[in-house]
Chemist: 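Dropping the structure in here first, questions after.
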Amino acid sequence: MAYLRRRHLQSGRRRNGTKPWEHSHQTTTRLRWNTLSYDVERVLTNLNNSAEKDMIEALEAANMAALRACLYQLTGSSRIRDITPAEQSISAVDRASVPPIENVQDRRLLVAAATDLLRQFRDGRTRPRLPEKKSFWEQLEVFFGHSVSETDVDYWWEEFGVETHSRVPETFRAWKKCDAPTFSVVIIGAGLSGICAAIAMKTAGIPYIVVEKNSGVGGTWFQNTYPGIRVDTPSRFYCFSFEPDYPWQHHYATGEEVCRYLNYCVDKHQVRDQIQFSTEVMAAEWCAEEQSWRIQVRRSDGSQDTVRANAVISAVGLFNRAKVPDIVGLDAFQGKVIHTAEWDSECDLRGRRVGLIGTGSSGAQIVGPISSVVGSLHIFQRSGTWIAGVSNYTAKVSKQEVWLLENVPYYLNWQRLDAVYALGDRRTALLDVDPEWTEPGSANEAHGRLRSGVLKYMMDRIGDKPELVEKSVPDYMPLTKRLPKDNGWFDALRRDNVELVTDPIEGINETGIRCRSGEQHDLDVLILATGFYTTRFLWPIKWLGKDGLTLEEAWKRDGPRAHLGMTIPGFPNLFCLYGPNTNSMGGNSFTRAELQMRYIVRLLNYAGRNGLRSIEVKKDAYTRYNDELDRKLGATIWMEPGQKSYYHNEFGRIVTNGRISMHDYYPLILRPDLDEYSIT
Ligand code: NAP
């Protein structure tokens, strides 16, 4: 099919008779040598200064699928294109890989071709071909090994991260062509979504301030500083498409590294001076006469203020309010209690008797790093946890990989696409229940393979300890909760000073935890890895919309909802980033923030240009979108009987996650459908 597709593309015509690059809904500006996001001149300078030995060593260690894509983009060689990769797979770490190149001859061919080409670049005999959208489509299909739709090409081109396409805030500058009074905007939060919003507002020329409750940039990454914290999405992808060229030290960045990156973006785009730190939004009220929001803020010195803005962009995040469990006697405990999201760097765990409640992503992540430091560790597990192994999870980026990123033009971009693909739409199919599938514990064939993979990973590590296996195998399906990556969890369980306690907690007392069996575990420190108030969106801010409508009232039927995860009837000029049902939708938080910001800038520009002051989503658009969402969510593993996680609210509805593929979401979010809004 891909082959047919290639032939079809080579003819330069689409099925409808137009050329692939015609009728694109975004202007493709001609690429500069030094694009906004990726500096190919710097790569060539590096190459000039590098040794042959380093080159060969690095090329032999390359991700061959990415190297092949690079070479094909740079040369157009049919020999490179016609290499047949191995079968694509969905791995035991819920990744859908692009087809790998495993054949030894093919790998040699790629190394030889790359060596030859890089020498030519180095000796100035030729220059790298610039990526062009018209040939990108075919390159993408060669890389993925299957056909790609026209809409998807636009998405991938943006993710590729070299073009000044319309998701890059820089392009917003050119859109601002109106003399009408502009909107003023308050952005709540300086996490990654708020930073994205600030950069977008700045480039779009819309006056804004950012109000941030913390004293620094980074949101959840600023707040969560517990030992071992790191991302569980490859760093090459966990970054802005307009700032992909960052020297990540780890394949999976530590929390501190993510904060450093976010600070780098804030300073590079010069938005820091608009952020009011240590300032918390307490309430916001829509004022119909002024067509603006009155936002009540409280500063760390206790002073209060009211800020007015035409529009509010909420970028408060999902994981920003730590949840303390309602366990009898917690207050009585005389030792130290720390929540993972409110870590105390002064707390010395060396030699202490530590208890841990919670085995989600945070709990699973902290266990490995602290287990060798503490005197004893009791892990109080309410539900078992599936954990996936990623071979390079804690590894630093190797010197060969650094060489490739620094010396091979566009290797970085193909590596990035490799990661985007791995976590994209192919993988979201894992979530759908196949009614014909009968294997217990899994929902469909690919999901069954995933379960076998994570189970095998567990058995390889603790299979020789049946009592641990019995405690560890969860009674729910993988992916019904987030799947943590192994950060030393199983190694820790094998340690003599670590005990996995599955005896339910009866209560907490002055000296420790008493379990239902009556056994008492005395502790010095109790770590709560018990998560966040994820189902209370825009909370605890008190919102008063049109005609005195509160958010509680608007959502009283079955909890938070929004149109496209962003807009809510009765709340004009309020836009949510990372709003209801936008978690785990393919892409990641950076992708989502960029897509949503482009949409919001387009809406604000439209209103500003036409002298309109109030943008409110219509009830029927909101209902239609949410009905479709419910229908899709209803067919997922999350809604299978007995599955429970922080995705569900008290009505049993999934409010955090969406089951909408990027393929479906992208066209909806590309530009606002003005018929869906009352703009007055
Ligand atoms: P979480 O997934 O909500 O896990 C909370 C844990 O606390 C669960 O194991 C839960 O048990 C347990 N728990 C809650 N109340 C309890 C009680 N009363 N008694 C006993 N156990 C109780 O929270 P999280 O681990 O902080 O993760 C939240 C999200 O943050 C993740 O899903 C992820 O999206 C993000 N995160 C990401 C990373 C990363 O690697 N990038 C790291 C940390 C967090 P049950 O399972 O039985 O409910």
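In each ligand, atom 1 is the first atom listed, and ligand 1 is the first ligand listed.
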Chemist: Check whether any heavy atom of Tyr226 sits under 4.0 Å from an atom of ligand 1.
Modeler: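 Within the 4.0 Å threshold, so yes.
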Chemist: Are the side chain of Trp248 and the backbone of Ser235 linked by a donor-acceptor contact shorter than 3.5 Å?
Modeler: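 Answer holds: yes.
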Chemist: Hey, what do you get for CE (Met566) to OH (Tyr599), rounding to the nearest 0.5 Å?
Modeler: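 Taking CE in Met566 and OH in Tyr599, the distance rounds to 5.0 Å.
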Chemist: For atom 10 (C) of ligand 1, what is the nearest protein heavy atom, given as residue, atom name and distance?
Modeler: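 Among all protein heavy atoms, the one nearest atom 10 (C) of ligand 1 is Arg382 NH2, 4.1 Å.
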Chemist: I need the nearest protein heavy-atom contact for atom 47 (O) of ligand 1: residue, atom name and distance, please.
Modeler: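 The closest heavy atom on the protein side is Ser383 OG, 2.4 Å.
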Chemist: Under the criterion salt bridge (charged side-chain N to carboxylate O under 4.0 Å, His left out), which of Asp348, Asp344, Asp524 is the partner of Lys336?
Modeler: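 Per the salt bridge (charged side-chain N to carboxylate O under 4.0 Å, His left out) rule, the option paired with Lys336 is Asp344, out of Asp348, Asp344, Asp524.
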Chemist: Does Lys323 come within less than 4.0 Å of ligand 1, judged by its heavy atoms?
Modeler: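 Distance cut 4.0 Å: Lys323 fails for ligand 1.
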Chemist: So for Ile327, does at least one of its heavy atoms come nearer than 4.0 angstrom to any atom of ligand 1?
Modeler: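 Contact check Ile327 vs ligand 1: positive.
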Chemist: Distance to 0.1 Å, residue and atom name: give those for the protein heavy atom nearest to atom 9 (O) of ligand 1.
Modeler: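 Checking every protein heavy atom, the shortest distance to atom 9 (O) of ligand 1 gives Thr359 N, 2.9 Å.
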Chemist: What protein heavy atom lies closest to atom 4 (O) of ligand 1? Include the residue and the distance to one decimal.
Modeler: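 The closest heavy atom on the protein side is Gly360 CA, 3.7 Å.
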Chemist: What residue and heavy atom of the protein are closest to atom 12 (C) of ligand 1, and at what distance?
Modeler: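 Closest protein heavy atom to atom 12 (C) of ligand 1: Gly358 CA, 3.6 Å.
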Chemist: Should the pair Tyr666 and Tyr155 be assigned to parallel (<30°), tilted (30 to 60°) or perpendicular (>60°) ring geometry?
Modeler: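 The rings of Tyr666 and Tyr155 stand perpendicular, inter-plane angle above 60°.
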Chemist: How far is atom 26 (O) of ligand 1 from the closest protein heavy atom, and which atom is that?
Modeler: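 The protein heavy atom lying closest is Ser362 OG, 2.6 Å.
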Chemist: Return a yes/no value for Trp221: is any of its N or O atoms, backbone included, closer than 3.5 angstrom to an N or O of ligand 1?
Modeler: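 No, since none of the N or O atoms of Trp221 sits under 3.5 Å from an N or O of ligand 1.
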Chemist: Any idea which protein heavy atom is nearest atom 38 (C) of ligand 1, and the distance to it?
Modeler: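 Looking only at protein heavy atoms, the one closest to atom 38 (C) of ligand 1 is Ser361 CB, 4.0 Å.
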Chemist: Decide whether an N or O pair under 3.5 Å exists between Asp326 and ligand 1.
Modeler: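 N/O-N/O distance below 3.5 Å does not exist for this pair.
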Chemist: So is Gln381 in contact with ligand 1, going by heavy-atom distances below 4.0 Å?
Modeler: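 Outside the 4.0 Å threshold, so no.
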Chemist: Looking only at protein heavy atoms, identify the closest one to atom 46 (O) of ligand 1 and say how far it is in Å.
Modeler: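 Minimum-distance protein heavy atom for atom 46 (O) of ligand 1 reads Lys481 NZ, 2.7 Å.
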Chemist: Are Trp489 and Ser371 packed together at the side-chain level, in the sense that at least one heavy-atom pair is separated by less than 4.5 angstrom?
Modeler: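 The answer is no, as the side chains (C-beta and beyond) never meet within the 4.5 Å cut-off.
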